[in-house]
Amino acid sequence: VPDYAWTNATTGASLGTGAQLQLLPSLASPGDTVQCAATATDSAGASVSATATVEIGNTDPAFTVAAAATPATGVFTGTVLECAATGEDADGDVPSVSYSWSVSGAAVGTGPQYTVDAADTDPGDTVLCTATATDAGGGTADSTASVTVENSDPVITGLALDPAAIGTYGSISCLASLSDPDGDAPSASHVWTNTTTGAEIGTEETLVLDATMASVGDQIECVLTAADAHGGSATDTAGFEVQSTPPAFTQPAAIDPATGVTVASSLSCLAEAVDESGVALPVSYVWTLADGTVLGTAGSSSAGASLVVAGSAAAGEVITCTATATDSGGESSESTAAVSVEDSPPVAEILSLAGSGADPSVAHTDDVLTVTVSGSDADGDAVQYVYSWLVDGAEALSDGPTASATSSLDGGTHFERGETVQVVVTPAGGAAVPSDTFTVANSVPTAPSVAVSPVEPLEGEDIVCSA
């Protein structure tokens with residue numbers, strides 16, 4: 001019977017004797033060469049040997065704990081999944097374990113964790129974790145675990161009413177931002193209920209309310225429901241109390257004229273108002289000064305109000321018209337308008353322009369022309385005049401401002417025969433008033449005084465005539 005000896009030819013280590021050798025990781029590693037030497041010896045002591053070798057192959061790793069993904073249920077968009085597995089290697093290695101994640105065959109991540117993302121998954125999809133054990137010799141083994149993505153309910157954010165409340169007539173909207181963690185576009189449905197009466201009064205985003213649906217003080221509720229394509233839903237509510245609504249002015253108070261008002265003006269004030277149902281309401285009016293003095297009133301049966309400024313207000317004062325509308329429930333609203341009384345410009349009138357000669361309607365070179373005027377100021381102020389005397393269109397004399405109602409121009413100094421003379425009278429702050437134009441006439445020569453000397457001449461005397 002031959003003798004056997006086993007040797008690790010790669011390391012040179014003796015591994016044992018006998019026809020069989022139990023390979024252990026401590027004796028050889030994958031890739032090592034193991035040699036068996038057999039020696040036969042006869043009775044005479046002669047011997048012969050032979051050897052055979054074998055290369056140790058790699059054994060793939062295996063899992064002692066299979067892959068498991070947690071949590072196994074209750075998985076939604078945003079859930080953080082964790083995958084774990086434990087591997088071993090018969091060759092004595094400690095295999096490394098890597099993880100990959102996939103959905104419907106498409107890779108979505110690596111590593112022991114994966115956060116469910118709406119960009120990768122839809123509700124109902126299966127997320128697969130594959131754990132891969134790899135030993136030092138390149139051997140691998142896989143273990144898988146899977147979870148199912150469940151549907152996430154939609155989310156309602158910022159539900160609010162716009163406006164926050166209305167009266168028995170008006171429109172109000174139930175508004176919110178809708179979203180879905182799974183990336184869906186949720187649909188919205190609305191139900192409006194008068195919770196005071198229990199009646200359903202609308203199913204649109206905007207409720208158009210009238211008195212047949214609710215009364216002042218009733219509680220109105222909007223229930224908003226958001227639904228996704230996978231059966232998920234969410235609801236939220238908002239409500240308000242029906243308000244008592246005062247009258248509204250469809251035409252605010254307006255005074256005519258609104259500008260250029262003087263003590264000579266007559267004013268009118270008009271406004272229009274309706275109740276919450278749109279029915280026109282009567283309007284009453286009060287005219288006042290800034291200190292509260294009442295200048296006049298007009299009852300609600302009148303179509304507007306009027307006021308004569310003269311005797312009511314002076315220049316510089318402010319006149320206010322207050323329009324008041326009252327509905328059947330006794331609620332009132334006011335609208336006001338105001339105007340300022342401006343200073344009234346003075347006015348002047350030329351009463352006469354006369355020459356100083358025998359015929360005042362004719363002007364001669366040696367005449368004095370005199371203009372006589374009258375003036376007034378609606379505000380009661382004294383009138384000052386400026387006289388501008390024009391000769392052939394050019395100013396020859398400016399007189400004033402003065403309170404005098406007359407002004408004169410001396411022809412001996414300022415005009416000649418054939419020239420035109422005119423005077424323009426301007427009340428300070430008012431409009432200029434031009435006179436008629438005089439053309440300076442030719443002056444008739446004065447008849448000479450003739451004397452004969454001597455008065456009683458004698459014969460033979462010279463008689464002298466002088467003028």
Side-chain angles (χ1 to χ4, degrees), residues 245-276 278 280-327 330-351 373-388 398-405 407 424-435:
T245 305
F249 280 90
T250 55
Q251 177 183 316
I255 297 175
D256 183 35
T259 59
V261 176
T262 68
V263 293
S265 300
S266 293
L267 306 178
S268 63
C269 183
L270 182 65
E272 295 178 358
V274 295
D275 64 15
E276 60 182 359
L281 294 173
V283 180
S284 60
Y285 303 87
V286 178
W287 296 95
T288 57
L289 293 178
D291 63 2
T293 301
V294 176
L295 305 177
T297 62
S300 58
S301 60
S302 61
S306 60
L307 178 72
V308 175
V309 178
S312 298
E317 292 189 303
V318 175
I319 298 174
T320 299
C321 171
T322 301
T324 303
T326 304
D327 63 19
E331 284 202 84
S332 297
S333 294
E334 291 184 350
S335 177
T336 62
V339 293
S340 295
V341 180
E342 301 175 12
D343 186 41
S344 301
V347 294
E349 178 185 5
I350 296 177
L351 300 179
V373 302
S374 68
S376 62
D377 188 299
D379 298 320
D381 297 331
V383 180
Q384 296 277 312
Y385 306 97
V386 174
Y387 301 92
S388 178
S398 178
D399 182 14
T402 175
S404 175
S407 179
V424 177
V425 182
T426 304
V433 181
S435 72

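Fair warning: this is a prediction, and the values are worked out from it, not measured in the lab. What's counted below: heavy atoms across the whole structure, side chains too, no hydrogens, waters or symmetry copies.
- Here the OG-CG distance, from S266 to D256, works out to 11.0 Å after rounding to the nearest 0.5 Å.
- Considering every non-hydrogen atom in both A348 and V425, the closest pair reads CB-CG1, 4.4 Å.
- Of the possible polar contacts, none joining the S335 side chain to the A323 backbone as a donor-acceptor pair under 3.5 Å is found.
- Put simply, CG on L289 and OG1 on T320 are 8.0 Å apart, with the number rounded to the nearest 0.5 Å.
- To the nearest 0.5 Å, the span separating OG on S312 from CG on L295 amounts to 5.0 Å.
- When side chains are defined from C-beta on, P247 does not count as touching D275, because their heavy atoms never get closer than 4.5 Å.
- A donor-acceptor contact shorter than 3.5 Å links the side chain of E342 to the backbone of G260.
- Nearest heavy-atom pair across A253 and C321 is CB-O, 4.4 Å.
- At least one donor-acceptor pair closer than 3.5 Å links the side chain of Y285 to the backbone N or O of A271.
- Side chain of D343 to backbone of A315: no donor-acceptor contact under 3.5 angstrom is found.
- Of the possible donor and acceptor atoms, one in the side chain of D291 sits under 3.5 Å from a partner among the backbone N and O of T293.
- Note that CG of D399 is 7.5 Å distant from OG of S404, once rounded to the nearest 0.5 Å.
- V373 has its side chain out of reach of V433: every pair of non-hydrogen atoms, C-beta onward, lies at least 4.5 Å apart.
- In terms of heavy-atom proximity, V263 sits nearest to A314 at CG1-CA, 4.2 Å.
- Of the possible polar contacts, none joining the S388 side chain to the V424 backbone as a donor-acceptor pair under 3.5 Å is found.
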Please step through side-chain contact (heavy atoms from CB on, under 4.5 Å) for the pair D327 and L281, ending with a clear verdict. CA-CA 7 Å; D327 63 19; L281 294 173; 4.0 Å; yes
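- Listed for the Y385 side chain is a donor-acceptor partner under 3.5 Å among the backbone atoms of G375.
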Apply side-chain hydrogen bond (donor to acceptor under 3.5 Å, both in side chains) to the pair T326 and S332, showing each step before the final yes or no. CA-CA 4 Å; T326 304; S332 297; 2.8 Å; yes
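- Distance check, rounded to the nearest 0.5 Å: CG of L351 to OG of S435 gives 12.5 Å.
- Counting heavy atoms from C-beta outward, T262 and V309 have side chains that stay 4.5 Å or more apart.
- The side-chain heavy atoms of L267 and P257, taken from C-beta on, include a pair separated by under 4.5 Å.
- For the residue pair L270 and A303, the shortest heavy atom distance occurs at CD1-C, 4.3 Å.
- Contact between G429 and P345 at its shortest, heavy atoms only, is O-CB, 3.6 Å.
- Residues V386 and S398 approach most closely at CG1-OG, 4.3 Å, considering heavy atoms.
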